[in-house]
Number of protein chains: 2
Amino acid sequence: MVKKKNTKGSAKKEIIKNSAAKLFKEKGYSAASMRELASSVGVEAASLYNHINSKSELLHTICYNVAERFISNIDEVEKQEEKAIVKLERLLRFHISEMLDHYEEVYVSDREWRQLDEPYLDEYRELRRDYRKRFSAIIQLGIDEKEFKEIDSNTAVMIFLNAMGAIDQWHRIVHKIERLALEDNFITLLLEGIKK
Amino acid sequence: MVKKKNTKGSAKKEIIKNSAAKLFKEKGYSAASMRELASSVGVEAASLYNHINSKSELLHTICYNVAERFISNIDEVEKQEEKAIVKLERLLRFHISEMLDHYEEVYVSDREWRQLDEPYLDEYRELRRDYRKRFSAIIQLGIDEKEFKEIDSNTAVMIFLNAMGAIDQWHRIVHKIERLALEDNFITLLLEGIKK
DNA sequence: CCTACCGATCGGTAGG
DNA sequence: CCTACCGATCGGTAGG
């Protein structure tokens with residue numbers, strides 16, 4: 001009895017979280033109302049609060065879930081003894097597959113994190129900065145080892161990270177090109193540009 | 001007397017528009033309130049309406065001003081009889097200089113245009129689609145002429161356009177690198193990747 | 001899970 | 001340009 005209740009409860013929570021990601025993606029966090037979210041889930045607004053605590057908690061969950069996956073991936077990449085080009089390719093391929101598999105969440109975390117409340121806003125800003133720094137260090141390594149051109153590593157990181165947003169359109173045009181072909185287009189365009 | 005009033009009036013309007021762009025950029029259009037905007041301009045909220053008609057009009061003005069400049073630039077680029085690589089470089093350099101010279105406006109137009117009201121929302125979506133199509137045609141030309149690698153031209157456009165958002169950081173870190181160096185970093189990374 | 005409702009805040013107007 | 005105020009809508013709660 002208790003078990004059944006819990007299972008049912010967290011399944012509903014999952015549905016709410018996914019609907020929220022979709023809604024926040026389409027309208028933006030601030031413009032999306034809890035009443036819209038409720039109606040997309042099929043209940044009244046008040047009923048949402050049996051499963052979640054607040055609107056801001058939903059955004060928090062989305063943003064931190066995404067951050068956790070990216071951080072644990074770069075942890076692994078750093079550990080491996082590989083050339084910079086291999087590390088860079090792993091970072092990019094991971095990012096692409098995250099965009100393909102958790103599209104709405106990654107999109108929302110990237111564009112709506114500024115709507116987080118303090119102290120999470122500051123903390124999240126720090127997490128992002130930290131990720132960029134570590135990404136930048138990998139590129140700098142490639143420059144020092146003469147694998148890469150002598151570009152500004154911070155600029156390169158930002159170009160790479162922003163370019164990932166391009167996967168947005170892939171979803172909109174309903175998979176006109178294959179997933180693997182898409183990935184290869186990205187790798188070609190972005191990796192060939194940095195190679196010496 | 002009339003002339004003075006008009007001059008003064010539109011100067012104030014300009015101040016409001018610029019403050020709005022900055023505010024919309026920092027908090028997002030929906031999360032930004034007219035009371036905040038008023039206080040950043042130094043008046044009460046009600047006083048704003050002596051110079052503007054509505055909040056949505058501000059967003060509309062910002063978005064359409066930017067669109068107009070981008071469209072008239074691609075008009076010119078298309079007219080010129082040049083190789084695809086030259087055309088592409090012009091598109092990118094124009095985009096970079098727009099990001100540097102009209103930072104907040106371009107940023108807002110790119111990330112907040114979804115908050116436009118109908119019928120402008122639909123129209124703006126169409127303008128963006130049209131720009132991407134024309135951009136894509138230029139890249140396809142380069143592929144057909146064997147100047148570029150055989151990548152998917154639509155994907156390439158999205159990568160280029162999204163990559164431009166990277167200039168965001170340049171403003172935040174207060175010009176750690178020179179404007180020209182920044183531009184060259186972009187061109188190197190993005191153009192070298194597509195060249196055959 | 002719903003009905004009923006709360007205080008706060010929103011964009012915007014009236015009137016001076 | 002301000003004070004005073006509007007109806008609408010927001011996130012969220014009480015109580016069943």
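Order of the sequence lines fixes the chain letters, A, B, ..., with proteins taken first and strands second; residue numbering starts at 1 for each chain.
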Problem - Atom-to-atom span, NZ of Lys12(B) to C1' of dC2(D) - whole angstrom - result: 13 Å
Handout entry: Euclidean distance, atom CD1 of residue Ile16(A) to atom P of dC1(C) [Å, nearest integer]
Key = 8 Å
Practice task
Check the angle between the aromatic planes of His60(B) and Tyr64(B) and answer parallel, tilted or perpendicular using the 30° and 60° thresholds.
Solution key: parallel
Exercise for the section: Take atom CZ of Arg35(A) and atom C1' of dG12(D), then tell me their distance rounded to the nearest Å. Expected result: 9 Å
Practice task
Nearest whole angstrom, please: distance from the P of dC2(C) to the CG of Asn50(A).
Solution key: 9 Å
Exercise for the section: Give the rounded distance in Å between these two atoms: CG of Leu37(B) and P of dT9(C). Expected result: 18 Å
Exercise for the section: Can you tell me the distance, in whole Å, between the CG atom of Leu48(B) and the P atom of dC10(C)? Expected result: 13 Å
Handout entry: CG-OH distance between Leu116(A) and Tyr29(A), expressed to the nearest 0.5 angstrom
Key = 8.0 Å
Fill in the blank from the handout: One should read off an interatomic distance between Asp130(B) CG and Ile74(B) CD1, to the nearest 0.5 angstrom, of 8.5 Å
Exercise for the section: Provide, to the nearest angstrom, the distance between the CE atom belonging to Met34(B) and the P atom belonging to dA8(D). Expected result: 20 Å
Handout entry: Arg35(B) CZ to Glu44(B) CD distance, which is reported to the nearest 0.5 Å
Key = 9.5 Å
Practice task
Give Ala31(A) one of three labels, base, sugar-phosphate or nothing, depending on what nucleic acid heavy atoms sit under 4.0 Å from its own.
Solution key: nothing
Handout entry: Rounded to 10 degrees, the angle between the two terminal axes of the helix from dC1(C)-dG16(D) to dG16(C)-dC1(D), each from five pairs
Key = 0°
Practice task
Send over the distance from Leu23(B) CG to dG11(C) P, rounded to a whole Å.
Solution key: 10 Å
Problem - Face-on cation placement of Lys55(B) at Tyr49(B) ring, 6.0 Å and 45° thresholds - result: no
Problem - Phe70(B) ring center within less than 6.0 Å of Phe94(B) ring center - result: yes
Exercise for the section: For the side chain of Ser33(A), starting at C-beta, report the closest nucleotide among dC2(C), dC2(D), dC10(D). Expected result: dC10(D)
Exercise for the section: Return no unless some side-chain N or O of Ser54(B) is found under 4.0 Å from OP1 or OP2 of dG11(C). Expected result: no
Practice task
State, with a plain yes or no, whether a side-chain heavy atom of Met34(A) is found less than 4.5 Å away from one of Leu37(A).
Solution key: yes
Exercise for the section: Give Ala38(B) one of three labels, base, sugar-phosphate or nothing, depending on what nucleic acid heavy atoms sit under 4.0 Å from its own. Expected result: nothing
Practice task
Side chain of Glu44(A) only, please: which of dG11(C), dT3(C), dC2(D) is the nearest?
Solution key: dT3(C)
